[in-house]
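I have placed the structure first, in the form of structure tokens, so that the comments after it can refer back to it.
Side chains are part of it too, since the values below use all heavy atoms of this structure and drop only hydrogens, waters and symmetry mates.
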Amino acid sequence: MLHVSNLSVARGGMTLLSGVDFALNAGQILVLRGANGLGKTSLLRCIAGLQNPVDGQITAPETVAYSGHADGLKGQMTVLENLAFWSSIYHGPSPEVALDAYELHALADRPAANLSAGQKRRLGLARMQVSGCALWVMDEPTVSLDADNVALFRAALDRHVQSGGAAVITTHIDLAIASAKLLDLTRFKARGLMGSTAFEEALE
Amino acid sequence: MMPDLGKYALEVNSSYVLSLLALGVIVGLYAKRSRAVKRDLAAMEAVHDA
Amino acid sequence: MIQLFLRDVGLSVRSGGGFGLALIFFLIVVTLIPLALGPDQTALAVVAPGVLWLGALLACLLSLDRIFGLDFEDGTLDLLVTSPLPPEAVYIAKAAAHWLTTGLPLALAAPVLGVLLNLDFETGKILCLSLLLGTPALSLIGAFGASLTLGVKRGGLLLSLLVLPLYVPSLIFGAQAVRLAGQGLTYDEALVLLSAISLGAAAILPFASGAALRINLR
Amino acid sequence: MGWSGRALPWVAAAAGLSLCSGLIWGYFFTPDDIRQGSTVKIIYLHVPAALMAINGYLLMFVGALVWLIRRQHVSVLAAKAAAPVGMVMTLIALATGAIWGQPMWGTYWVWDPRLTSFLILFLFYLGYIALWAAIENEDTAADLTSVLALVGAVFAMLSRYAVLFWNQGLHQGTTVTMADGAQQDNISNVFFQPLLLSMAGFGLLFLTLLLIGTRTEVRSRRLKVLQARERME
């Protein structure tokens, strides 16, 4: 479903990771590990199509569901309205399933602005369900979630991969997902290699 | 030596002075920045090559 | 795309959405003009077309940074660009929502405020028509400018600097049409050219703006 | 970087020579016009500056286009280097035009289409330079300013026609026709030869500054890369 080969990723004109290779099939979860500032987020943004890689190739489905550091919620809209909006943008399944998965029924008519940080995060994760996309690309999904809610997330993730989906997740805590493949990005760290060689050519 | 500019001397002279001043300023700025960047780059490359 | 348009319109009408601020600004500008120029009725009627067009243009400028700014800050824009919706469609939906919540109310309010500046009813109709034809260009150009200055912190002033020169043709043709109408001359040509700018902007700017959005989120 | 470094001293010398000789010829050794008196000598500054103001924007347009299509860094850096020079040229054209206008039209500023278009062109230059300065990431800035330059060029043309529509104007028609032979009808050789020389001077000066500026931008980008590398190590 996702195939990444010889990928180089840059941020702010500096190549952070190079030679990244991995493949992900339907039904698999890939957990990317690595220190802060290593380039995890930049790698995910490349996979989601928000950023162009410096080098290498990504084969991914046409649309993927991406979740970043910000949840992209509108405070003036209720929980249900937020989900319904994203469902219509993706032409995805109805919000009911997502409300079930993250036990958001009681909050459905509450404006998103009145939610706690953990509740907002749950709503952000519930958005992945209404996207209907097979590949989930998630950046630190469990930030500000307590143990119970991490369990909800794990259950939702399990259901997603069992129905033929796949997910790429970055995290710096152990999610304890038994089925997940682990990939430490530290060994792809770019050493002394910079982007923008064009200027050196121009100087010749 | 000065040409007789008649009653428009002020206009003509101020045009020439202002324009040459403006050109001088932009040339000066470009030359100054060019020198500064050239010097910084040379210093940086010297450190790198060493 | 229609969903995004409806959501943007809905958000701006709800509390804290800023709907109506442009209208209030427009009203205040029109109130201040006679205070600055003096109460002479004939003098006011002479400057009314230009003042009303300029007031509408400035009112339009006020809300531009909200078009993409709010969605950029809370991460929605990232999600919209990764969704099946192309950035060009995001731009069109947002510019259209901005027009519906800003340009259209301004166009409808202008003849009413024109009464305050001694603008006669017939000319007021042309003013309304010229604003209806011209404000789409203002929203489209403004949203383009907003997409360019997305990543710039406190980019409001820069946005005005970029957008105002682009507003020149619309302002000239729009105000000219009303002025000609006020003098009883034919104004068709100005209105046609005004609509041509709006149509042209709708044809070219989605691509420029879509590119700018992609570049900014990179 | 190689050929431009070798060419630079020659271009600079040619620029200095033709500019000085053109302006000296124009200032000291040309007769006064019958109607305009000695103010005719302002055209040796006004016309070349106006020409380079427009060519500067044209150059930015081409540079931006080449960058967006071919991703040639040098072309966008040339566009960046051209902008301040073009802006100064616009300023000179505006200032000399206003000074010339005072005795001729009786006022420093009239809202004449041509003057107004130049004022708008000045605003476009300002916007382009301000956008470059506001964006930190260099490649993002290159892309966004290029998009602005393309859209700006379209709107600058539009403004030109809008302004003509708005006011038919006082400005005399273009004095210098570029078509061969036609200039004799318009402007006599006494004025035309030094004008041609100072036009060449302004053009070569523009080219000199463009070369210096582009080389500086290239070096400055390389410097930034090296600094970033140093921070990484």
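- Looking only at heavy-atom pairs under 4.5 Å with chain C, the residue among D:G152, D:G127, D:A156 that has the most is D:G127.
- Of all residues spanning residues 120-148 of chain C, those with a heavy atom less than 4.5 Å away from chain D's heavy atoms are C:I141, C:F144, C:L148, arranged by number.
- Neither the backbone nor the side chain of C:L171 comes within contact range of chain D; no heavy atoms are under 4.5 Å apart.
- The list of side-chain hydrogen bond (donor to acceptor under 3.5 Å, both in side chains) pairs with a residue in residues 55-66 of chain D, not counting sequence neighbours, is empty.
- Between chain C and the options D:L158, D:L131, D:L121, the largest number of non-hydrogen pairs under 4.5 Å is found for D:L131.
- Only the side chain of C:L205 comes within contact range of chain D, with at least one heavy atom under 4.5 Å from a heavy atom of that chain.
- With a 4.5 angstrom heavy-atom cutoff, C:A190 touches chain D via backbone and side-chain atoms both.
- One distance of note links CD1 of C:I215 with CG of D:N137; it measures 11.0 Å at 0.5 Å rounding.
- Other residues, nucleotides and ligands place more than 12 heavy atoms under 6.0 Å from the CZ atom of C:F5.
- No more than 12 heavy atoms of other residues, nucleotides or ligands shown are found within 6.0 angstrom of CG on C:L157.
- With a 4.5 Å cut-off on side-chain heavy atoms, C:P165 and D:F155 do not count as touching.
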Practice item. Apply the test side chain to side chain contact (heavy atoms under 4.5 Å, CB included) to residues D:V163 and C:I172: give CA-CA distance (whole Å), side-chain angles for both, the deciding distance (0.1 Å), then the verdict. Key: CA-CA 7 Å; D:V163 163; C:I172 289 177; 3.6 Å; yes
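- Between chain C and the residues D:L126, D:L148, D:T145, D:I135, the largest count of heavy-atom pairs under 4.5 Å involves D:L148.
- Listed by first and then second residue, the side-chain hydrogen bond (donor to acceptor under 3.5 Å, both in side chains) pairs that reach into residues 180-206 of chain C come to none, sequence neighbours excluded.
- For chain D, the nearby part of C:L158 is the side chain; its heavy atoms alone come within less than 4.5 Å.
- Residues meeting the salt bridge (Lys or Arg N to Asp or Glu O under 4.0 Å) test with C:D71, sequence neighbours left out: A:K74, C:R7, C:K94.
- Listed options C:V152, C:L166, C:L161 were ranked by heavy-atom pairs under 4.5 angstrom with chain D; first place goes to C:L166.
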